[in-house]
Novice: 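Here it is, the structure in full.
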Amino acid sequence: MAPQDHLPPSAQRAAPNPALAALDLIARLVAALEHTPLVAVCSIDREGRVRFCNRACADLSGVAPEAVVGQPLKCLFSRGDREAEHDALVEQAWRTGRHSPIGDWHVRTASGQELWLYSTLVPVYHEGELTQVFCMDVDISARKHAERTLYLAAQVFENSRDAILLMDRDRHVISINRAYSEITGYGSGDMPGKPLSVYRSCIEDETFFRAVWDQIEATDHWQGEIWSRRKGGELFPAWLALTAIRDSHDQVSNYMAIVSDITERKRSEEQTRHLAEHDFLTDLPNRVLLLDRLSLALSAARRNGSMLAILFLDLDRFKRINDTLGHQVGDQLLQEVAARLLKCVRKVDTVSRQGGDEFVIILAGIGGIDHAAHVADTIRQAICQPYAIGAHELHVSTSIGVSIFPSDGDDIDTLVKNADIAMYHAKQGGRNNFQFFSAEMNERIVERASFEQGLRRALAEGQFELAFEPELDIATGTLVALEALIRWRHPELGLLLPERFLGVAEEAGLMVPIGDWVLREACRHARRWHDGGQAVAVAVNLSLTQFMQRDLVDRVRAALEAAGLEARFLELELTESIIMKGGGATAATLHGLRALGVRLSLDDFGTGWSRLGQLKDYPIDKLKIAQAFLRDGGDETVIRTIIAMARSMRMTVIAEGVETPGQLAFLRGEGCDLYQGRQAEAAVQDSGLGGVASLGSLAVQGRADAWQS
Ligand SMILES: Nc1nc2c(ncn2[C@@H]2O[C@H](COP(=O)(O)OP(=O)(O)OP(=O)(O)O)[C@@H](O)[C@H]2O)c(=O)[nH]1
């Protein structure tokens, strides 16, 4: 190609003399064109074949110039679905002789690289004739990439759900995005130009913000929770992330603030925390929060040298309300109790529910123990007032234990434990009262705990024994039965009577295993007597707890079977109160036992039952006149009535605690069947048979036989 071929005809026509200078200029222009790295240039002929390609074009397309000459233009760059559009521009350049509009083209090179080209087509004349079209392309891929990045950044900024605010290096607002406007209510024109500090909530002070900006200066970043203010003045909790943006010279050019409205999150966190720290039924603080508050109150008391009281409350006989009226009524009562407790204390105090019918109250910073006593008594009285729950008017009382910091303990556990111990003593003291903790109480509780442990060991190690008290026929003096009475041969305290340990056993939940042991052991003894030739019956006392066991009949059957004892030789003694408290299941249990063939006897008769007629519904074989009626001269009328009643109901009647010959004579005169007590024991001794071990030779007949159905 001759150098002048590149110039349009007008330029060729206007070329000044001298001609050589012009040729030289053209030669240099061509050389520049060939070597410029900025513009990729190639030319095509009328057939669309490449005739020339400069180095930049070869570099950009990745095709060697020798390989491209004679090839169609698209072997350099393919324009995808815009190929036809480009062909039309080429055709237009040939047709009009004018250069095509400059435009951006997204192309792909032969090696698959994608580029953006800024292109035009320039028709070139030679000697007045249009001979070539030059394709001139500038690689603008980098610019396009930057534009795209900027575009995306702008989209992110605008469409982010987080509120974003941009500042200049002086912390003046430049712009805010849509989310920022939505969250804060400020429009895009409200904030720009103003310092960010204008929009602070005033909850955090200057020191706080100074620390924030100090950290940003040091690390380019700060994030944390703050209170933010909406345009209308409303405050809201926000999570703020502040970041310094640096320019290419590593100088801070801007700051960006990202603000998230965390109102909902805080609310739900608060809700979760509330649930974790409060009792669902009463909404009072639960044990977790109580311990937390107590820890704070203790620290404050230590700091101020003040006193603090812990009140441990337990409702009295609450179980009865649940049992008689149902759990739901019980729940409502607990809620009402909670409300009353709150009314009895100050705002600084904490009322908490520990669970069940137990409440613990912290009285902070009390002036003296009088204050605690006053509050305890106010509470006691408030709880005693009647409750209207549904159609019911309920009455309940509470027992309260009080411990005082610092005198009753220095730490949470000790203070709560001691208040609990004091509450236990309030219960022991008859309920519906309050007790201050004392060291003696603690000693007693420790003693009781070790006693309880001892009881468990006694069961495991066989420290229990049975003593037997004879029941004799008044008319014949014959031994009819032996009542089994438990004794505990305590390793340190010696032989203990049941009064000494059965209360603790009851509270420790040991009545059933101990009762089982007595039952089995008594049956085993009776079997031994039988094997020795004496078919004497054995009487065993049942406790309420045993009686309430659903499988009582099975347990009794199992004891009989294990001993190989006939059921008619076992007599179970119940008290009136057991029968009364047995509830709806009493009759079924008694009939179940009777069906086994065992005898049923009512102990301590005459001391509690008001509805004698009810006895007819139960299969009771024997009435035991309470010892109280014989003491101090006795109550002859009652005894006479009981004997008459037993007769009319075809029951055997026995008097217990017969101590004198006079008493025995009286009972004999009234037609009482059997007797028990010191007189009976003396009679057994007199007969030369000192104890149960000798029973093998004791004559047993009469009433025992008469019992057989
Ligand atoms: N309604 C109701 N009863 C509960 C709840 N939690 C525990 N209880 C019952 O509360 C009763 C607590 O009884 P206790 O304190 O052991 O005994 P009490 O009958 O109050 O007798 P004393 O405490 O010896 O005076 C038990 O019957 C539990 O089943 C509850 O959330 N709602």
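When reading the values below, keep in mind they use all heavy atoms of this one structure, side chains included, and skip hydrogens, waters and symmetry mates. Remember, it's 1-based here, ligands and their atoms both numbered in the order they're listed.
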Novice: Find the distance between CG (Leu602) and CG (Leu572) and round it off to the nearest 0.5 Å.
Specialist: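 The CG atom of Leu602 sits 12.5 Å away from the CG atom of Leu572.
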Novice: So do the side chains of Gln676 and Lys624 get within less than 4.5 Å of each other, counting heavy atoms only?
Specialist: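 Yes - at least one pair of side-chain heavy atoms lies under 4.5 Å apart.
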Novice: What does the list of residues with a heavy atom under 4.0 Å from ligand 1 look like, ordered by chain and number?
Specialist: Asp314, Leu315, Asp316, Arg317, Phe318, Lys319, Asn322, His327, Gly330, Asp331, Leu334, Arg353, Gly356, Asp357, Lys427, Arg431
Novice: Would you find a donor on one side and an acceptor on the other, under 3.5 Å apart, between the side chain of Thr282 and the backbone of Gln335?
Specialist: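 Not at all, since once roles are kept as given, no pair shorter than 3.5 Å links the two residues.
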Novice: Could you check whether Arg320 pairs with Asp323 (Lys NZ or Arg NE/NH1/NH2 to Asp/Glu carboxylate O, under 4.0 Å)?
Specialist: no
Novice: Using the side chain to side chain donor-acceptor pair (under 3.5 Å) definition, which of the options His274, Arg267, Lys266, Arg273 pairs with Glu270?
Specialist: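 Of the listed residues His274, Arg267, Lys266, Arg273, the side chain to side chain donor-acceptor pair (under 3.5 Å) partner of Glu270 is Arg273.
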Novice: Between Thr575 and Asp604, do the side chains contain an N or O donor and an N or O acceptor separated by less than 3.5 Å?
Specialist: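 The criterion, which ignores hydrogens and geometry beyond distance, is not satisfied for Asp604 and Thr575.
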